[in-house]
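Everything numeric here is computed off the predicted structure, so don't read it as measured data.
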Amino acid sequence: LLVFRNDCSFGRYKDAFHHMEVAMSSLSNMQLMASNASKNIEGVKAMGVASWALYRTLQHEVSGAFDPVDKYEKDLRANVPDQAAVDKLLSARSKLYRAQYDVHRAVDVFSDEVTNLDKRTLINNLNSVATACAECERLYATPIPLLYTRHALKFLTFW
């Protein structure tokens, strides 16, 4: 049972790591596409900052007690130039959804200067980020089975 549980834990870790990689690569692809398709340098920078805030928020949400709120807040305040946006993000009930919304707003800036196909691709990348975020949250929120916990406790007590 212990070997099975370790294998399951490793599988969950691999799944979570894969979803984090998907989120990061999709955000990077969005940034590259926007910088290639647009001449709006400030818009590309704003999307980069919003993308960083989204990834940092995902990291904070799935790290639990290992990433204290004050450290997360300090990082946001140091790296996001718009303090009003930081305040909105920190006061949001669901920080992850707020961060996704901010990236979506940053993509909308390019509506006039990119083709519909490019905008559709940017939004599809954002949707894959949202899916990866949801999967990471699901894996983080899945509890350890009570039966296993009791069995492991007995085993370790006798050992």
Among Val129, Leu122, Asn127, Asn124, which one satisfies side-chain contact (heavy atoms from CB on, under 4.5 Å) with Ser26?
Val129
Is it true that a side-chain atom of Ser63 and a backbone atom of Phe66 form a donor plus acceptor pair closer than 3.5 Å?
no
Those residues at least two apart in sequence (or on a different chain) that pass side chain to side chain donor-acceptor pair (under 3.5 Å) with Asp82 are none
Once rounded to the nearest 0.5 Å, what's the spacing between atom CZ of Phe17 and atom CG of Asp15?
12.5 Å
Run the side chain to side chain donor-acceptor pair (under 3.5 Å) test against Glu61 and tell me which residues pass, sequence neighbours left out.
none
Applying side chain to side chain donor-acceptor pair (under 3.5 Å), name anything that partners Glu21, two or more places apart in sequence or on another chain.
none
Approximate separation, where rounding is to 0.5 Å, of Leu58 CG and Leu27 CG:
9.0 Å
Rounded to the nearest 0.5 Å, how far apart are OG1 of Thr121 and CE of Met30?
11.0 Å
Path from Leu54 to Val86 over hydrophobic side-chain contacts below 4.5 Å
no
Any donor-acceptor pair under 3.5 Å from Ser25 side chain to Val22 backbone:
yes
Look up atom NZ in Lys119 and atom CG in Asp108, then write down how far apart they are to the nearest 0.5 Å.
4.5 Å
Closest non-hydrogen atoms of Ala99 and Leu89, given as atom of the first, atom of the second and distance, are N-CD1, 3.7 Å
First locate atom OG of Ser128, then atom NE2 of His19, and finally report the distance between them rounded to the nearest 0.5 Å.
11.5 Å
For Asn79 versus Pro81, what's the shortest heavy-atom pair and its separation?
O-CD, 3.6 Å
Can you name the ring pair (Phe, Tyr, Trp, His ring centres under 6.0 Å) partners of Tyr72, sequence neighbours left out?
His60
Under 3.5 Å: donor-acceptor pair, side chain of Glu73, backbone of Leu90
no
Is Asp87 salt-bridged to Arg77, going by a charged N under 4.0 Å from an acidic O?
yes
Atom pairs and distances, donor-acceptor, side-chain atoms in residues 40-48, under 3.5 Å, two or more places apart:
| unit_1 | atom_1 | unit_2 | atom_2 | d |
| --- | --- | --- | --- | --- |
| Asn40 | OD1 | Glu42 | N | 3.4 |
| Asn40 | OD1 | Gly43 | N | 2.9 |

Looking at Ser91 and Lys88, would you say the former's side chain and the latter's main chain have a donor-acceptor pair under 3.5 Å?
yes
Do the charged groups of Asp102 and Arg98 touch, with an N to O distance under 4.0 Å?
yes
Same cluster or not: are Val62 and Val103 linked, directly or through other Ile, Leu, Val, Met, Phe, Trp or Tyr residues, by side-chain heavy atoms under 4.5 angstrom apart?
yes
Sequence neighbours excluded, every pair satisfying ring-ring contact (aromatic ring centres under 6.0 Å, His included) that has a member inside residues 115-138:
none
With a sphere of 6.0 Å drawn around CG of Asn116, does it hold more than 12 non-hydrogen atoms of other residues, nucleotides or ligands?
no
